[in-house]
Amino acid sequence: MPDIHHQVLISASKSAIFYAITQQKGLSKWWMADATAKPEPGFVNEFKFGDMVHNKFRITKLEENKLVEWECLNRDEWEGTFVRFELSDKGKFTAL
């Protein structure tokens, strides 16, 4: 499958965005409300939406305020998928 790239400019600090993509409380605000997560390499984040969705992602890379990478552990259409978040400064914005 080809790579898909998205870039979003956010009017927030890199540390605030890093919190939102690594901490359970942050992730539950935008990914799925039922989230189990820890900012720790090797930890398996879990996201549930009732009985319909149960995604598991292992944290493979973690560089504070710079990079987060997850490997999907599901055996479904997400199998073999990596989700990578890169943070950089873009003027008064943070690029994610």
Indicate yes or no: at least one non-hydrogen side-chain atom of [X] is less than 4.5 angstrom from one of [Y].
{"X": "F47", "Y": "H54", "value": "no"}
{"X": "V68", "Y": "V83", "value": "no"}
{"X": "N55", "Y": "K48", "value": "no"}
{"X": "N74", "Y": "F57", "value": "no"}
{"X": "K56", "Y": "R58", "value": "no"}
{"X": "E64", "Y": "K14", "value": "no"}

Mind checking whether [X] and [Y] sit in one hydrophobic cluster, side chains of I, L, V, M, F, W, Y counted as touching below 4.5 Å?
{"X": "I4", "Y": "F82", "value": "no"}
{"X": "L9", "Y": "W30", "value": "no"}
{"X": "L73", "Y": "M32", "value": "no"}

Looking at every non-hydrogen atom in both residues, tell me the closest pair between [X] and [Y] and how far apart they are.
{"X": "A12", "Y": "A16", "value": "CB-CB, 4.5 Å"}
{"X": "K25", "Y": "Y19", "value": "CB-OH, 3.5 Å"}
{"X": "D3", "Y": "H5", "value": "CB-NE2, 3.5 Å"}
{"X": "I21", "Y": "L87", "value": "CD1-CD1, 4.4 Å"}
{"X": "E63", "Y": "F18", "value": "O-CE1, 3.4 Å"}

request  = Kindly determine whether L62 and E40 satisfy side chain to side chain contact (heavy atoms under 4.5 Å, CB included), including the steps that lead there.
outcome  = CA-CA 7 Å; L62 191 65; E40 190 175 288; 5.6 Å; no
Straight-line distance of [X] [atom1] to [Y] [atom2], nearest 0.5 Å:
{"X": "C72", "Y": "E79", "atom1": "SG", "atom2": "CD", "answer": "8.0 Å"}
{"X": "T22", "Y": "N65", "atom1": "OG1", "atom2": "CG", "answer": "8.5 Å"}
{"X": "K90", "Y": "T94", "atom1": "NZ", "atom2": "OG1", "answer": "11.0 Å"}
{"X": "I17", "Y": "I10", "atom1": "CD1", "atom2": "CD1", "answer": "4.0 Å"}

ask   = Can you tell me if N45 uses its side chain to pair, donor with acceptor, with the backbone of I59 under 3.5 Å?
value =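 No, the answer is negative, given that no donor and acceptor are paired below the 3.5 Å cut-off.
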inquiry  = Using a 3.5 Å distance criterion without hydrogens, assess whether the side chain of D76 forms a donor-acceptor pair with backbone atoms of W78.
reply    =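 Side chain of D76 to backbone of W78: a pair is present.
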message = Between T36 and Q24, is the side chain to side chain contact (heavy atoms under 4.5 Å, CB included) condition met? List the steps.
response = CA-CA 6 Å; T36 303; Q24 182 169 316; 4.1 Å; yes
request  = Would you please say whether a donor-acceptor pair under 3.5 Å links the side chains of T60 and E69?
outcome  =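 Result is yes, a qualifying pair exists.
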query = Would W31 and F49 count as a close aromatic pair, with their ring centres under 6.0 Å?
reply = no
task = Test side chain to side chain contact (heavy atoms under 4.5 Å, CB included) on R84 and K61 and set out the steps.
result = CA-CA 9 Å; R84 183 179 175 100; K61 295 180 183 173; 3.7 Å; yes
